[in-house]
Amino acid sequence: MATLVIAEHSNTELKPATLNAVTAALQIGGELHILVAGGGCAAVAEAAARIPGVSKVLVADNAAYAAQLAENMSALIVEVASGYDAVIAAATPNAKNVMPRVAALLDVAQISEITAVLGPDTFERPIYAGNVIATVQALDARKVITVRATGFDAAPAEGGSAAIEAISAAHDCGISRFIDERVAKSDRPELTAARVVVSGGRGMQNGDNFKLLEVVADKLNAAVGASRAAVDAGFVPNDYQVGQTGKIVAPDLYIAVGISGAIQHLAGMKDSKVIVAINKDPDAPIFQVADYGLVADLFAAVPELSATL
Amino acid sequence: MKVLVAVKRVVDYNVKVRPKSDGSGIDLNNVKMSINPFCEIAVEEAVRLREKGVATEVIAVSLGDKACQEQIRTALALGADRGILIETDVELQPLAVAKLLKAVIEREGIEFAILGKQSIDGDNNQTGQMLAALAGMSQATFASKLDIADGKATVTREVDGGMQTLELTLPALITTDLRLNEPRYASLPNIMKAKKKQLDTLTPAELGVDVTPRVKTLKVSPPPERKAGIKVGSVAELVDKLRNEAKVI
């Protein structure tokens with residue numbers, strides 16, 4: 001039995017979510033290989049080779065994969081997958097874009113966002129915004145699986161020395177073209193990788209007021225997130241969104257400020273280790289999941305919090 | 001250009017669902033059912049394409065038991081031109097749905113398809129991608145902006161940390177993200193008109209698709225409960241608890 005993990009990366013760096021997928025793959029069992037497909041991604045392959053438990057790294061370094069276009073990536077993965085019993089990736093926006101295509105082209109089901117491995121073909125995954133946990137058994141011989149990173153500890157990044165093997169397959173389907181990408185640069189940790197997350201909701205009233213949260217975030221080396229209400233109101237960009245259809249986070253400390261706690265938001269953060277809620281409405285549902293609730297006007301409480309830290 | 005939109009019947013997003021006590025499934029007794037929110041955004045975008053003269057016809061397809069007609073009627077009231085129900089009592093999984101929709105695309109000569117990025121019941125986020133792969137259509141998931149001109153679709157999509165723009169050669173498929181548009185409300189006259197619009201019924205057998213489930217749900221259970229927390233009286237008390245009790249700062 002052999003398992004292939006698809007590396008999540010930026011062409012220059014291996015993304016930490018890959019390490020969570022590796023942990024899930026090791027639990028499923030079998031010899032573990034990693035596929036790094038990108039353009040100018042040699043450093044990523046070297047990083048992947050240092051993950052303990054990985055016996056081989058396959059590198060497809062070609063311009064066709066530089067932008068991770070779904071058509072090209074899935075054609076490559078399907079070709080490589082023939083030698084494996086399971087193909088696994090962290091459930092990042094990129095893998096969500098590519099992996100269902102791989103499953104369809106292999107004519108197998110995909111098991112999305114597993115949070116636990118119960119056996120080689122049996123998994124747990126949240127459905128209905130995390131209000132229900134389903135135990136599912138994959139009936140297809142070959143498995144295509146995405147892994148919710150918050151469900152698995154990260155594997156160590158160093159200590160291994162896997163062989164690196166280049167694959168020359170170049171799949172350029174030519175039906176889609178990358179035009180550009182605008183990615184916000186930030187010195188703060190990434191939302192899904194941060195140890196502390198400070199999030200604001202509709203109660204922040206406008207985008208300028210998020211500066212109050214940024215001061216707290218800077219003191220705690222935290223990422224800043226938001227509820228869908230705050231994103232829809234245009235306070236902050238959409239990639240701040242934490243929730244069922246946004247990012248799923250599980251930091252050590254999650255501070256929810258001016259967030260009422262809709263089911264869809266809770267789905268994105270309720271596995272955090274410690275949850276703090278600051279809201280002036282004592283009946284806000286967020287208090288039902290908060291370890292520490294403070295009923296207060298956020299415009300008084302947040303500046304006081306940053307002064308105290 | 002004919003446009004296909006898929007609409008799924010799901011438990012309304014305001015309902016907090018519960019597993020049945022024996023773990024055999026979800027308790028759907030007397031639960032309000034609605035059109036999946038991302039599918040509603042798909043219908044709106046398709047109707048806008050027709051209003052702009054880019055699309056000639058918008059076909060709304062739903063798959064499942066007879067009750068799905070209700071969601072097709074909703075789509076027709078929002079402006080879709082006609083509906084197709086693919087009727088079956090078998091539990092349809094994403095791969096089967098993708099194969100059935102592919103068959104409809106071939107039958108109808110569809111050039112553009114719009115699907116929701118995920119349904120809020122299964123949270124799978126698969127069907128659109130699977131359909132694009134099987135039908136050989138170019139693909140842009142998580143779309144927040146769409147322009148179609150000269151046989152190309154320019155799509156802005158939501159990616160990690162920002163936005164990406166792709167150019168797709170038609171035939172193409174997109175899946176909707178929340179910010180693609182704000183769906184309109186169906187007016188009463190349009191709801192009445194929708195009742196008269198054409199709605200055909202097909203079966204998986206007629207489309208030649210095997211819909212046997214590939215994943216078996218062994219049980220469903222509620223998630224582990226969080227233990228009840230406490231209210232603190234002041235910021236000072238909060239910081240003290242975080243430092244000395246929870247030890248997270």
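Below, read A as the first sequence line, B as the second, and so on, with proteins coming before strands; counting in each chain starts at 1. All heavy atoms count here, side chains included; hydrogens, waters and symmetry mates do not. All figures in this text were calculated on a predicted structure; none of them were measured in a lab.
With chain B as the partner, the residue from A:Asp252, A:Val274, A:Ile278 showing the most heavy-atom pairs under 4.5 Å is A:Val274. Considering only heavy-atom pairs separated by less than 4.5 Å from chain A, the leading option among B:Val159, B:Asp123, B:Val15 is B:Asp123. Per-residue heavy-atom pair counts under 4.5 Å with chain A were compared for B:Val232, B:Ile120, B:Asp121, B:Thr141, and the maximum is reached by B:Asp121. Listed options A:Arg182, A:Arg195, A:Lys96, A:Lys15 were ranked by heavy-atom pairs under 4.5 angstrom with chain B; first place goes to A:Arg182. Heavy-atom pairs under 4.5 Å with chain B were tallied for A:Leu253, A:Asp180, A:Val136; the largest tally goes to A:Asp180. Annotation: maximal heavy-atom pairing with chain B below 4.5 Å, among A:Ile127, A:Leu305, A:Ile175, occurs at A:Ile175. Interface check for chain B: of the options A:Gln264, A:Glu190, A:Glu124, A:Met99, the most heavy-atom pairs under 4.5 Å are formed by A:Gln264. When A:Leu220, A:Val196, A:Leu309 are compared by the number of non-hydrogen pairs under 4.5 Å with chain B, A:Leu309 comes out ahead. Top candidate by heavy-atom pairs under 4.5 Å with chain A, chosen from B:Gly161, B:Gly229, B:Gly128, is B:Gly161. Looking only at heavy-atom pairs under 4.5 Å with chain A, the residue among B:Gly162, B:Ser221, B:Pro94 that has the most is B:Ser221. Counting heavy-atom pairs closer than 4.5 Å to chain A, the top-ranked of the candidates B:Lys16, B:Glu182, B:Arg18 is B:Lys16. Most heavy-atom pairs under 4.5 Å with chain A, from the set B:Leu178, B:Val239, B:Asn125: that is B:Leu178.
With contacts defined as side-chain heavy-atom distances shorter than 4.5 Å, the pair B:Val7/B:Val61 does not qualify. Side-chain contact between A:Val236 and A:Val231 is present, with heavy atoms from C-beta onward closer than 4.5 Å. Under the 4.5 Å side-chain criterion, counting only non-hydrogen atoms from C-beta, B:Ile148 is in contact with B:Leu146.
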Would B:Lys32 and B:Asn14 satisfy side chain to side chain contact (heavy atoms under 4.5 Å, CB included), going step by step from the backbone distance to the final call? CA-CA 9 Å; B:Lys32 185 185 174 197; B:Asn14 277 313; over 6 Å; no

Verify side chain to side chain contact (heavy atoms under 4.5 Å, CB included) between B:Leu173 and B:Thr175, making sure each step is shown before the conclusion. CA-CA 7 Å; B:Leu173 177 148; B:Thr175 73; 4.0 Å; yes

Checking side chain to side chain contact (heavy atoms under 4.5 Å, CB included) for the pair B:Val54/B:Met1: CA distance, chi angles, key distance, verdict? CA-CA 7 Å; B:Val54 177; B:Met1 182 178 85; 3.9 Å; yes

Determine whether A:Ile145 and A:Gln110 satisfy the following criterion, side chain to side chain contact (heavy atoms under 4.5 Å, CB included), listing intermediate values before the conclusion. CA-CA 6 Å; A:Ile145 296 167; A:Gln110 172 177 301; over 6 Å; no

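The neighbour count for A:Lys280 NZ, taken as heavy atoms of other residues, nucleotides or ligands under 6.0 Å away, does not exceed 12. With a 6.0 Å radius and a threshold of 12 heavy atoms from other residues, nucleotides or ligands, A:Gln137 has its CD atom above the threshold.
Side chains of B:Asp177 and B:Ser144: no donor on one and acceptor on the other come within 3.5 Å. Side-chain contact, B:Glu237 with A:Tyr292: no donor N or O sits under 3.5 Å from an acceptor N or O. Of the N and O atoms on the side chains of B:Glu167 and B:Thr154, not one donor lies less than 3.5 Å from an acceptor on the other residue. Donor-acceptor pairing under 3.5 Å is recorded for the side chains of B:Thr212 and B:Asp210.
Only the side chain of A:Gln241 has a heavy atom closer than 4.5 Å to any heavy atom of chain B. Interface remark: A:Ala290 contributes backbone atoms only to the contact with chain B (heavy atom separation under 4.5 Å). The parts of A:Asp107 that come within reach of chain B are both its backbone and its side chain, each placing non-hydrogen atoms under 4.5 angstrom from that chain. When heavy atoms are compared at a cutoff of 4.5 Å, B:Gln118 approaches chain A solely by way of its side chain, counted from C-beta outward. At a 4.5 Å heavy-atom cutoff, the contact between B:Phe38 and chain A is made by side-chain atoms alone. With a 4.5 Å cut-off on non-hydrogen atoms, A:Phe287 touches chain B through its side chain but not through its backbone. Contact of B:Leu131 with chain A is not made at all, since no heavy-atom distance falls under 4.5 Å. Contacts between B:Pro223 and chain A at a heavy-atom distance below 4.5 Å involve backbone atoms as well as side-chain atoms. Contacts of A:Gln288 with chain B are absent, with no heavy-atom separation under 4.5 Å from either backbone or side chain. Looking at A:Asp291, both its backbone and its side chain come within 4.5 Å of chain B, counting heavy atoms on both sides. Looking at B:Ile26, the atoms closer than 4.5 Å to chain A (heavy atoms on both sides) all sit in the side chain, from C-beta outward. For B:Thr156, the part lying near chain A is the side chain, with the backbone staying farther off; criterion is any non-hydrogen pair under 4.5 Å. For A:Leu69, the part lying under 4.5 angstrom from a heavy atom of chain B is the side chain only. For chain B, the nearby part of A:Glu71 is the side chain; its heavy atoms alone come within less than 4.5 Å. Only the side chain of B:Leu95 has a heavy atom closer than 4.5 Å to any heavy atom of chain A. Looking at A:Val276, only its side chain comes within 4.5 Å of chain B, counting heavy atoms on both sides. In this structure, chain B has a heavy atom under 4.5 Å from the side chain of A:Thr122, while its backbone stays farther away. Contacts of B:Ile230 with chain A are made by both backbone and side-chain atoms, with heavy-atom separations under 4.5 Å. For chain B, no part of A:Lys219 is nearby; none of its heavy atoms comes within less than 4.5 Å. For B:Ala98, no part lies under 4.5 angstrom from a heavy atom of chain A. Contact of A:Thr308 with chain B is made through backbone and side chain together, with heavy-atom distances under 4.5 Å.
In this structure, B:Asp147 does not pair ionically with B:Lys152, as no charged nitrogen and carboxylate oxygen lie closer than 4.0 Å. Checked for salt-bridge contact, A:Asp140 and B:Arg214 meet the test: a charged N lies under 4.0 Å from a carboxylate O.
Each of B:Lys117, B:Gln129, B:Gln139 was scored for a side-chain hydrogen bond (donor to acceptor under 3.5 Å, both in side chains) with A:Asn97, with one residue passing: B:Gln139. With B:Asn181 as the partner, the side-chain hydrogen bond (donor to acceptor under 3.5 Å, both in side chains) test is satisfied by one option alone out of B:Lys145, B:Arg48, B:Glu45, B:Glu44: B:Glu45.
A donor-acceptor pair under 3.5 Å is absent between the side-chain atoms of B:Thr165 and the main chain of B:Val155, judged by distance alone.
The shortest non-hydrogen separation linking A:Ile248 to A:Gln244 is CD1-O, 4.4 Å.
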